[in-house]
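Basis for what follows: all heavy atoms, side chains included, without hydrogens, waters or symmetry-related copies. Nothing here was measured: the structure is a model prediction, and the numbers come from that model. Read the numbers this way: they start at 1 and go in the same order the structure lists the ligands and their atoms.
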Amino acid sequence: MSMFKQRRAQFFTRMKNNSIAVIPAGREKIRNNDCEFPFRQDSDFHYLSGFNEPGACLVLIKNNDRCKTVLFNRKKDKSAEIWHGYRLGQSAAVSELGFDSAFDIAEFEHHIYELMDGFSTLIYPTFQNAALDKSLSVVINKLRAGARQGAVAPTVIIDSSRIVHEMRLIKSENEIELLSQAAEISAAGHIRAMKACRSGMWEYQLQAEVEHEFALQGAPETAYNSIVAGGENACILHYTENNRKLQNGELVLIDAGAEYQGYAGDITRTFPVNGVFSEHQTKLYQLVLDVQRSAISQVKPGAALIDINKNAVQQLVDGLLELGLMQGDSETLIKDEVYKAFYMHGIGHYIGLDVHDVGDYGTLENPCLLEAGMVVTIEPGLYVGSDADVDPQWMKIGIRIEDDVLVTEHGAEVLSADVPKSITEIEALMADAKQHG
Ligand code: GLY
Ligand code: MN
Ligand code: MN
């Protein structure tokens, strides 16, 4: 409770005086008739409230430097709880989660009208939640209509996202611990998959191995839909069908991460289905691995992801020229973005409560610089489809190697280092698993 209270206190220091903030919870989504997708709390709401139910809204009020927190949540309901599960209710929201008061969410519009009256500034995630936009517009217009009776509607509206996202970008000690655990559990899932992989398995069966290990280790949810892509499927960046048989002689790319207490792991490894890299696979894999290691070595305070990516592009292009997959001079190939036929995504992203975490990246001319306490992924790749203009021996090879990296005072710490990535280590692990079952 104290961690979430501290965050609310920090949020208050960033609120103007005489303002009211409204932060909505996530909503349940229908999957198909009578069934919902598993509920996942909205990350901003979770960050500030620590409350994991849908049908809720957090209100923060700063009035003459006096701060008040109000939670709207579902009221206790015996029948609804028998059918759908436990609800915390209002009195426990105050005693267990530390809000100053709590009201039934069914009475939101009535109470928010009274709470908002007189405040000049409204802070909320603008244009991100149609239901909240609609409900606030009803309340604001009612306040405007009551002007002659002394009601005062807010005249300044500020997007809350910018404030929360700036806070979320730099991770606390506690968050770093949770991200390390998410990375360690994710690593264990990848190791299990390397050991279990056999030709003839379905991609979804290998996915089950990864996710089984996540759950065994205390992470029942994935941070995103797992990608298990054999052969040419690895060239589809967000391939999630995972429904093809893995073939002897091809590589399999697994991009999968556990979600641990809300925090994401995000690891990619690429390895041979039969446990041994072929000559062409070795050459391309070693190139990506060298680039990934070099990129990680550049992560430190003051560096910019965009510059790390530029260096990665240069190294990938040099490598592809040397291997004969591209021809010409590297400067032109880079300027004309010819390399994008083989490497079309970025070098990495922030990671936290969301796998593609929030936070400002700045602009191309003025990028945001890395700071201690940020956590990023480093994930270069090369993708050679069967339509590439290269010797057929290089075709149907997609490789990405991705780690989760904490920016420290003096450099970087790889949180996902447990899972092997050198060719020798991967082959040894797979050979050992085959021998000893
Ligand atoms: N798993 C999504 C990504 O690597 O960005
Ligand atoms: Mn990633
Ligand atoms: Mn990934």
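Counting atoms of ligand 1 from 1 in the listed order, those under 4.0 Å from a heavy atom of Asp255 are 1 (N), 2 (C), 3 (C), 4 (O). Near Tyr224, meaning under 4.0 Å from any of its heavy atoms, are these atoms of ligand 1: 1 (N).
By the criterion of a heavy-atom distance under 4.0 Å, the side chain of Asp266, and not its backbone, is placed next to ligand 1.
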Tyr361/Tyr350 under ring-ring contact (aromatic ring centres under 6.0 Å, His included): CA gap, chis, key distance, verdict:
CA-CA 9 Å; Tyr361 286 89; Tyr350 305 134; 4.1 Å; yes

From CA spacing to verdict: ring-ring contact (aromatic ring centres under 6.0 Å, His included), His356, Tyr224
CA-CA 10 Å; His356 289 173; Tyr224 52 93; 7.8 Å; no

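Under the side-chain contact (heavy atoms from CB on, under 4.5 Å) test applied with Tyr124, the options Ile23, Asp133, Asn129 reduce to a single match, Asp133.
Checked against a 6.0 Å centroid threshold, the rings of His345 and Tyr343 count as neighbours.
Looking at Arg400 next to ligand 1, no N or O pair under 3.5 Å apart turns up. Close N/O approach between Glu402 and ligand 1 is found [any backbone or side-chain N/O within under 3.5 Å].
Here His349 reaches the Mn ion (ligand 2): one of its N/O/S atoms is less than 2.8 Å from the metal.
The Mn ion (ligand 3) is closest to atom OD1 of Asp266 (considering only N, O or S atoms). The N, O or S atom of Glu402 with the smallest distance to the Mn ion (ligand 3) is OE1. In Glu379, the N, O or S atom that comes nearest to the Mn ion (ligand 2) is OE2.
Of the charged side-chain nitrogens involved, none lies within less than 4.0 Å of a carboxylate oxygen, so that Asp42 and Arg27 do not count as a salt-bridged pair. Ionic pairing of Glu402 and Arg269 is not present here: no N-O contact between side-chain nitrogen and carboxylate oxygen is shorter than 4.0 angstrom.
Ligand 1 has at least one atom lying under 4.0 Å from a heavy atom of His356.
Summarising the local packing, NZ of Lys396 is surrounded by 12 or fewer heavy atoms from other residues, nucleotides or ligands at distances under 6.0 Å.
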